[in-house]
Structures are given as C-alpha cells and as structure tokens.
Amino acid sequence: MDLFKELKSYKDYLNKNPFHKLLKIDLSSYGAIDEKKINPTYFGVDSNLTEAVPAELDDLIRLHYLVRSRKVITILEFGVGKSSIVLDHALQLNKANYSDYISKNIRRINKFECFSVDADKDWINHCKQTAETKLVKFHFSENEMSRFNGRICSLYKNLPNICPDLIYLDGPSQFNVESNIRGISTNHPDRLPMAADILSIEHFLLPGTLIVVDGRTANARFLKSNFQRNWSYFHSEEFDQHFFELSESPLGIYNKKQIDFCLGDDFYKRL
C-alpha cells in the first residue's frame, strides 16, 4: 500500500501548505522536519502531565497529505489536538477545490467536516478557545473500560453519528478511561491504549475508508486481529504509524462514484 508515492519532499510540501504557522511553530528552531522526534522515556505515560505533546511535523505533513491526495470528505478523529488544526486546514482546501463537484455528484451529508472526539472536557474547551478551525466539530464523550468479544478494551460512551472516509486514531489517553474490568484498566503507566470503537462500527464503514493509527502498535494489532472485513494493512516502523484501507468492491453507485473521484484507479488495483 503506497500511500505516499507523490510525497517527495516534506520541506516542499510544507512550503506549499504552511499549516505550521497555525500551530505557531518556528521552523528555524524546530530542526529537521522529516525526522521523528524522540520524547523522554516516561513522557507519554505520565498521568500528571500538564503540557501538550510537542508537534511532530513529519506525522502532521503525512496526515495533511492523505486528506488532500485522497480528497477526503468526512473525518472521524479520536483525540483532539494539533492534528485537529491540520485536518481542518486540509479539509478547507478540499472544500475549496472539490465542493461543487461533490455536492452535485456524490451523496454525502457531512461534507468537509471533521468530528474530533475526546474524553477530556477541559482539553476540548482549551482547543476550542485557542485553535483556529472552521470545519472541526468537537465532541465530548466519557470513555470506559469495556469488552469486545470478551476481550478487555476501552470504548467511548457516545460517538458522532457519521460515516467517515478517514479515521485518525490517537485517543483516548490511557489515563482518561473510567472504571475497570476485573481490576484491569489502562490507567497504569505499564498498560497500553486498547480502543475498540472502530471495531464496533466496522460494518457501517464504506469501501475505501482509510484508518490511520498514530503509534499505539498494540492497539493496531488488536484491531487487525479482530477486523472481519477485507482490510489492506501497512505498518511503517519508520513513521511509527499503521494504515488500514477497506479494500472491498463498491457497495453501489454512490460509493463507486466517491471511490472513482477520490481514489481513482489505484484503489481498484489494490483489491
């Protein structure tokens, strides 16, 4: 699955799409934009952490590129943050470029909208007040330990009732999950995020849907081992990201129109 064949230069891409300015990132002090940033050992598993996770421009550039290159229409994002701003920026460009055609030819209700779900109400309010977004709809939901097919996991209590063509999984924080199952909870530094929300809505998703999992390798493997439909899968150790594409023939004429316009012949070659 070669999702980034046209992404030749991160620097050139950011010059053409300077969303880093919305994030208030000074490129002169950031360092190499195409290299993975390494945080301190316990940074990501500190339940008392009060500072935002630093921006990783390589991840954000790839995310922006996917939205643009796949002409994404509706996004479901788990985990509010800098990515919400980047997704909004890319969707605004898609709306400007493709709104007229999609409105006339493709049956989609939530056109050019990003639904960002998070279990931290204070963090959502902070992002609402500080983020310059136009197409993001912030969605608060509590998250709790649960089961999927008997397996212990976490689930949001309430999700937006939408049909996304791109899902970005970067939440919840393992420390924002309530309760426990037989004493097991993700609220421990040695535990791992284990969200099952995508599994619970798998059969509602349309062929051509792309899932991007940022890190969270154990969670990605949990998804992969429990999916029941035909997903193409690619794990990039270099990016520390996982990609799933729903590689099935179109469900009908409207799904086919969307695939033909947004993904083109390359999608059918991957079937």
K.L.:
One pair to check against side chain to side chain contact (heavy atoms under 4.5 Å, CB included): Leu23 and Val86. What are the steps and the verdict?
P.N.:
CA-CA 9 Å; Leu23 302 173; Val86 173; 4.1 Å; yes
K.L.:
Can a donor-acceptor pair be found, under 3.5 Å and without considering hydrogens, that links the side chain of Arg108 to the backbone of Cys163?
P.N.:
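Such a contact is found between Arg108 side chain and Cys163 backbone.
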K.L.:
Would Val213 end up clustered with Leu66 when hydrophobic side chains under 4.5 Å apart are linked, directly or stepwise?
P.N.:
no
K.L.:
About how many Å separate NZ of Lys82 and SG of Cys127, when rounded to the nearest 0.5 Å?
P.N.:
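Answer rounded to 0.5 Å: 8.5 Å.
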K.L.:
Working note: Leu14 + Leu27, criterion side chain to side chain contact (heavy atoms under 4.5 Å, CB included); need CA distance, chi angles, decisive distance, verdict.
P.N.:
CA-CA 10 Å; Leu14 196 60; Leu27 295 183; 3.9 Å; yes
K.L.:
Check whether NZ of the Lys or CZ of the Arg Lys71 lies under 6.0 Å from the centre of the six-membered ring of Phe261 and within 45 degrees of that ring's axis.
P.N.:
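The answer is yes; both the distance and angle limits are met.
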K.L.:
Pair His242, Phe234 - check ring pair (Phe, Tyr, Trp, His ring centres under 6.0 Å), show working.
P.N.:
CA-CA 6 Å; His242 304 258; Phe234 170 60; 9.2 Å; no
K.L.:
Is it true that Leu76 and Phe140 fall in one hydrophobic cluster, defined by side-chain heavy atoms closer than 4.5 Å?
P.N.:
no
K.L.:
Looking only at heavy atoms, what is the nearest atom pair of Glu56 and Tyr30, with distance?
P.N.:
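It is CA-OH, 3.5 Å.
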K.L.:
In terms of hydrophobic clusters joined by side-chain contacts under 4.5 Å, are Leu206 and Ile201 together?
P.N.:
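Per the 4.5 Å side-chain linkage, Leu206 and Ile201 are not co-clustered.
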K.L.:
Quick one: does Asn110's side chain have a donor or acceptor within less than 3.5 Å of a partner on Ile162's backbone?
P.N.:
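No: the side chain of Asn110 does not pair with the backbone of Ile162.
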K.L.:
Is any side-chain N of the basic residue among Lys157 and Glu178 closer than 4.0 Å to the acidic one's carboxylate O?
P.N.:
yes
K.L.:
Quick one: does any side-chain atom of Thr133 pair with a main-chain N or O of Leu135 as donor and acceptor, under 3.5 Å?
P.N.:
no
K.L.:
For the rings on Phe4 and Phe243, is their centre-to-centre separation under 6.0 Å?
P.N.:
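They qualify: ring centres under 6.0 Å apart.
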K.L.:
For the residue pair Asn255 and Gln258, confirm or rule out a side-chain donor-acceptor distance under 3.5 Å.
P.N.:
no
K.L.:
Would you confirm whether Trp123, through its side chain, and Val80, through its main-chain N or O, come within 3.5 Å as a donor-acceptor pair?
P.N.:
yes
K.L.:
Have a look at Ile75 and tell me which of Ile167, Val136, Leu166, Asp165 forms a side-chain contact (heavy atoms from CB on, under 4.5 Å) with it.
P.N.:
Leu166
K.L.:
Quick one: does any side-chain atom of Lys16 pair with a main-chain N or O of Tyr13 as donor and acceptor, under 3.5 Å?
P.N.:
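Judged by distance alone, no pair lies under 3.5 Å.
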K.L.:
Okay, side chain of Asn105, backbone of Tyr101: is any donor-acceptor separation there less than 3.5 Å?
P.N.:
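Flag set: sc Asn105 to bb Tyr101 pair under 3.5 Å.
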K.L.:
Quick one: do Val212 and Leu57 end up in the same hydrophobic cluster if we chain Ile, Leu, Val, Met, Phe, Trp and Tyr together by side-chain heavy atoms under 4.5 Å apart?
P.N.:
yes
K.L.:
Distance check, rounded to the nearest 0.5 Å: Arg70 atom CZ versus Ile259 atom CD1?
P.N.:
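With rounding to 0.5 Å, CZ (Arg70) is 9.5 Å from CD1 (Ile259).
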K.L.:
If you measure from NE2 on His139 to CZ on Phe115, what distance do you get to the nearest 0.5 Å?
P.N.:
9.5 Å
K.L.:
Which atom names give the shortest non-hydrogen contact between Gly79 and Ser84, and what distance separates them?
P.N.:
O-OG, 4.4 Å
K.L.:
For the residue pair Ser83 and Asp214, establish whether any side-chain heavy-atom pair is separated by less than 4.5 Å.
P.N.:
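No - every pair of side-chain heavy atoms lies 4.5 Å or more apart.
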K.L.:
Regarding Asp120 and His126, is there a side-chain donor-to-acceptor distance under 3.5 Å anywhere?
P.N.:
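No donor-acceptor contact under 3.5 Å links the two side chains.
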K.L.:
Counting N and O atoms only, with roles assigned by atom type, does the side chain of Ser99 sit under 3.5 Å from a partner on the main chain of Ala96, one being a donor and the other an acceptor?
P.N.:
no
K.L.:
Strictly under 6.0 Å, is that where the ring centroids of Phe78 and Tyr168 end up?
P.N.:
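No.
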K.L.:
Judged by atom type as modelled, is there a donor-acceptor pair below 3.5 Å linking the side chain of Asp197 to the main-chain atoms of Tyr156?
P.N.:
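Yes.
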K.L.:
What heavy-atom pair brings Asn230 and Ser247 nearest, and what distance separates the two atoms?
P.N.:
ND2-O, 2.7 Å
K.L.:
Would you call Cys262 and Val72 a side-chain contact if the rule is heavy atoms closer than 4.5 Å?
P.N.:
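A side-chain contact under 4.5 Å is absent here.
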K.L.:
In the hydrophobic clustering that connects Ile, Leu, Val, Met, Phe, Trp and Tyr at side-chain heavy-atom distances below 4.5 Å, which members other than Ile253 occupy its cluster, ordered by chain and number?
P.N.:
Tyr254
K.L.:
Hey, does the Lys NZ or Arg CZ of Arg151 hover above the aromatic six-ring of Phe222, less than 6.0 Å from the centre and inside 45° of the axis?
P.N.:
no
K.L.:
If only atom types and distance count, is the side chain of Tyr65 paired as donor or acceptor with the main-chain N or O of Glu6 below 3.5 Å?
P.N.:
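Answer holds: yes.
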K.L.:
Which residues satisfy the side chain to side chain contact (heavy atoms under 4.5 Å, CB included) test with Asp12, sequence neighbours excluded?
P.N.:
Ser9, Asn15
K.L.:
Looking just at side-chain N and O atoms, do Glu77 and Ser116 make a donor-acceptor pair shorter than 3.5 Å?
P.N.:
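A donor-acceptor contact under 3.5 Å links the two side chains.
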K.L.:
Could you tell me whether the side chain of Lys111 reaches within less than 4.5 Å of the side chain of Ile102, counting heavy atoms only?
P.N.:
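Yes, close enough: below the 4.5 Å cut-off.
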K.L.:
Could you tell me if the side chain of Asp58 sits less than 4.5 Å from the side chain of Ile33, heavy atoms only?
P.N.:
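Sidechains of Asp58 and Ile33: no contact.
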K.L.:
Any side-chain donor-acceptor pair under 3.5 Å between Asn125 and Gln129?
P.N.:
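Asn125 vs Gln129: no donor-acceptor pair found between side chains.
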K.L.:
Give the C-alpha distance, both sets of side-chain angles, the deciding distance and a yes or no for side chain to side chain contact (heavy atoms under 4.5 Å, CB included) between Arg182 and Ile152.
P.N.:
CA-CA 9 Å; Arg182 295 172 36 232; Ile152 297 174; 4.1 Å; yes
K.L.:
Do Trp231 and Ile211 come within less than 4.5 Å of each other through their side chains, counting heavy atoms only?
P.N.:
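A side-chain contact under 4.5 Å exists here.
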K.L.:
What's the verdict on side chain to side chain contact (heavy atoms under 4.5 Å, CB included) for Phe19 and Leu60, showing C-alpha distance, side-chain angles and the deciding distance?
P.N.:
CA-CA 9 Å; Phe19 59 77; Leu60 296 174; 3.9 Å; yes
K.L.:
Between Gln228 and His203, do the side chains contain a donor N or O and an acceptor N or O under 3.5 Å apart?
P.N.:
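A donor-acceptor contact under 3.5 Å links the two side chains.
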K.L.:
So, for Ala195 and Gly171, which heavy atoms are closest and what is the spacing to 0.1 Å?
P.N.:
CB-O, 4.3 Å
K.L.:
Is the distance from the ring center of Phe175 to that of His188 below 6.0 Å?
P.N.:
no
K.L.:
Give the minimum heavy-atom separation between His64 and Leu93, together with the two atoms involved.
P.N.:
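Closest heavy-atom pair between His64 and Leu93: CE1-CD1, 3.9 Å.
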K.L.:
Checking Ser141 side chain against Asn158 main chain: does a donor-acceptor pair fall under 3.5 Å?
P.N.:
yes
K.L.:
Does the cation-pi check pass for Lys128 over Phe138, that is, NZ or CZ under 6.0 Å from the six-membered ring centre and within 45° of its axis?
P.N.:
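Not satisfied by the 6.0 Å and 45° rule.
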K.L.:
Between Arg229 and Glu202, does any side-chain N to carboxylate O distance fall below 4.0 Å?
P.N.:
no
K.L.:
Return the minimal non-hydrogen interatomic distance between Lys257 and Ile106, and the atom names on each side.
P.N.:
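Of all heavy-atom pairs spanning Lys257 and Ile106, the closest is O-CD1, 4.1 Å.
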K.L.:
Taking only distance into account, with no hydrogens and no angle test, what donor-acceptor pairs under 3.5 Å do side-chain atoms of residues 263-271 form with protein atoms, sequence neighbours excluded?
P.N.:
residue: Asp266; atom: OD2; partner: Lys5; partner atom: NZ; Å: 2.7
residue: Tyr268; atom: OH; partner: Asp260; partner atom: OD1; Å: 2.6
residue: Arg270; atom: NE; partner: Glu245; partner atom: OE1; Å: 2.6
residue: Arg270; atom: NH2; partner: Glu245; partner atom: OE1; Å: 3.3
residue: Arg270; atom: NH2; partner: Glu245; partner atom: OE2; Å: 2.8

K.L.:
For the atom pair CZ (Phe204) and CG (Asn161), what is the distance rounded to the nearest 0.5 Å?
P.N.:
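The CZ atom of Phe204 sits 8.5 Å away from the CG atom of Asn161.
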K.L.:
Quick check: do Asn226 and Leu199 have side-chain heavy atoms less than 4.5 Å from each other?
P.N.:
yes
